[in-house]
Amino acid sequence: MSPFTLTRTLPPDATAAALRADVEQGMTRPPRHLPPRWFYDARGSELFEEITRLGAYYPTRAEREILRDRAAEIAATTAARTLVELGSGSSEKTRLLIDALTARGTPLHYVPVDVSESALTAAGEALLADHPGLTVDALVADFSTTPALPTSPGPRLIAFLGGTIGNLLPGERTSFLRMARSLLSPGDALLLGTDLVKDPATLVAAYDDEQGVTAAFNRNVLTVLNRELGADFDPESFEHVAVWDAEREWVEMRLRARTAVTAKIPALDMTVDFAAGEELRTEVSAKFREARVREELASAGLALHRWWTDDDGRFALSLASPA
């Protein structure tokens, strides 16, 4: 049996259909919005990797610090023989977990789940080159629905890293956590990464760097619409905006029309008009406190057992299991 398999559970046109649905809904209902998943074409992924190296963008470094310091403890606590990663991307940070789990001397089954087949293939091949005893069962799937995970040995550890859960609205977070709970059996665990509430200046700076990389990343979503839907947006007609919503405790990224803008989207037979100053919300990034994480996990039938932060208390990893 090959140590690397890739299973496609999404129909060939699933991504295109989802994009059309999101644009049709998001552009016609106030407030105008698009989900952040459309940032990540090849160029968007490159820009995000550049963002993670910026001094002001702390989440990636903070989470990596926790994984570096706690991976062995996570491995010992869970004794996981299968690691499932939802929204795995390049699987770069996950290497620290894989190293710790394989160091225990038992074979490890890694199940990365992502919508990008190319990312899954590249990550799987790179991991197998470094871990010849690893088994990789990659799954092309959308974690917004319940993925059909392959049969694999337990205990199972499901990881959802990067603070990505903060990109989900409250109702979406509830649905996601309940879905994750449905994948867990007794003895399994969920490892969740959450960015933490801190001073607004630090938060906004992480999403509005002086170099303009995040601005380019934000505007790239319009380039995606142009390429995939035949739209004629001029990305430079929009300025990047990042604001802290103290009531909801999240950062919003928006695109604000510099002047009146009219754009055609032929694939949807749609024309979109923006008044000068009108905004399109492109991302919500919720920030958390321990009590809120515990409460949201509990509402999904999960009990929080371990809570780790980086030395500066900027980011947290929590370990939860079925209640």
Side-chain angles (χ1 to χ4, degrees), residues 13-52 54 57 59-60 87 89-90 114-116 118-119 142-144 162-169 172 204 206-209 211-243 245 250-286:
D13 63 345
T15 300
L19 175 60
R20 290 194 298 271
D22 284 344
V23 172
E24 191 162 20
Q25 180 183 59
M27 290 292 190
T28 57
R29 300 180 187 179
R32 284 178 165 164
H33 63 278
L34 289 173
R37 59 178 169 169
W38 304 117
F39 287 135
Y40 297 97
D41 65 346
R43 177 57 180 154
S45 296
E46 290 173 359
L47 287 166
F48 182 71
E49 287 301 315
E50 192 173 340
I51 288 169
T52 65
L54 296 172
Y57 193 80
T60 301
S90 66
D114 201 275
V115 296
S116 172
S118 59
D142 185 345
F143 63 72
S144 65
T164 306
I165 194 165
N167 296 144
L168 306 179
L169 297 173
E172 295 170 334
V204 172
Y207 294 84
D208 194 12
D209 61 279
Q211 297 92 326
V213 182
T214 311
F217 174 70
N218 195 5
R219 281 193 287 264
N220 184 65
V221 74
L222 298 178
T223 303
V224 172
L225 302 192
N226 289 348
R227 183 183 64 247
E228 300 298 330
L229 300 176
D232 61 357
F233 285 99
D234 175 7
E236 295 304 319
S237 295
F238 291 82
E239 62 179 324
H240 166 69
V241 179
V243 295
D245 186 323
W250 68 38
V251 175
E252 283 193 16
M253 288 209 315
R254 306 171 185 167
L255 291 171
R256 179 183 296 155
R258 301 180 193 273
T259 61
V261 172
T262 296
K264 294 181 174 60
I265 309 178
L268 297 174
D269 194 23
M270 178 189 294
T271 298
V272 180
D273 294 309
F274 284 83
E278 191 173 355
E279 295 177 338
L280 170 68
R281 188 183 73 201
T282 52
E283 181 176 89
V284 163
S285 185

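Counting begins at 1 with the first residue of the sequence.
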For [X] and [Y], which heavy atoms make the closest approach, and how far apart are they?
X: Asp142; Y: Val115; value: CA-CG1, 4.0 Å
X: Arg43; Y: Asn220; value: CG-OD1, 3.8 Å
X: Pro35; Y: Asp22; value: CG-OD2, 3.2 Å
X: Arg32; Y: Glu279; value: CB-O, 3.9 Å
X: Pro235; Y: Leu222; value: CA-CD1, 3.9 Å
X: Gly87; Y: Asp114; value: C-OD2, 3.5 Å

Judged by atom type as modelled, is there a donor-acceptor pair below 3.5 Å linking the side chain of [X] to the main-chain atoms of [Y]?
X: Arg219; Y: Phe238; value: yes
X: His240; Y: Val213; value: no
X: Asp208; Y: Val241; value: no
X: Asp245; Y: Trp250; value: no
X: Arg20; Y: Leu268; value: no

#### Entry: Chi angles and distances behind the side chain to side chain contact (heavy atoms under 4.5 Å, CB included) call for Met253, Thr214
CA-CA 10 Å; Met253 288 209 315; Thr214 311; 3.6 Å; yes
### Query
Should the heavy atoms of other residues, nucleotides or ligands under 6.0 Å from CG of Asp269 be counted, would the total exceed 12?
no
How far does [atom1] of [X] sit from [atom2] of [Y], to the nearest 0.5 angstrom?
X: Met27; Y: Phe274; atom1: CE; atom2: CZ; answer: 4.5 Å
X: Thr262; Y: Asp234; atom1: OG1; atom2: CG; answer: 12.5 Å
X: Glu50; Y: Asp209; atom1: CD; atom2: CG; answer: 8.5 Å
X: Asn226; Y: Lys264; atom1: CG; atom2: NZ; answer: 13.0 Å
X: Leu34; Y: Thr282; atom1: CG; atom2: OG1; answer: 7.5 Å
X: Thr223; Y: Trp38; atom1: OG1; atom2: CH2; answer: 15.0 Å

### Task
May I ask you to decide if the ring planes of Phe217 and Phe39 are parallel, tilted or perpendicular, using 30° and 60° as cut-offs?
tilted
### Task
Mind running side chain to side chain contact (heavy atoms under 4.5 Å, CB included) on Leu255 and Val221 for me, showing each step along the way?
CA-CA 10 Å; Leu255 291 171; Val221 74; 3.9 Å; yes
### Message
Could you walk me through whether Arg227 and Val224 satisfy the side chain to side chain contact (heavy atoms under 4.5 Å, CB included) test, starting with their C-alpha distance in whole Å, then the side-chain angles of each, then the deciding distance to 0.1 Å, before giving a yes or no?
### Response
CA-CA 5 Å; Arg227 183 183 64 247; Val224 172; 4.0 Å; yes
### Heavy-atom side-chain contact between Ile51 and Tyr207 under 4.5 Å
no
### Task
Would you mind reporting whether Pro266 and Leu229 have side-chain heavy atoms less than 4.5 Å apart?
no
### Task
Assess whether side chain to side chain contact (heavy atoms under 4.5 Å, CB included) is satisfied between Met270 and Thr28, documenting all intermediate values.
CA-CA 10 Å; Met270 178 189 294; Thr28 57; 4.0 Å; yes
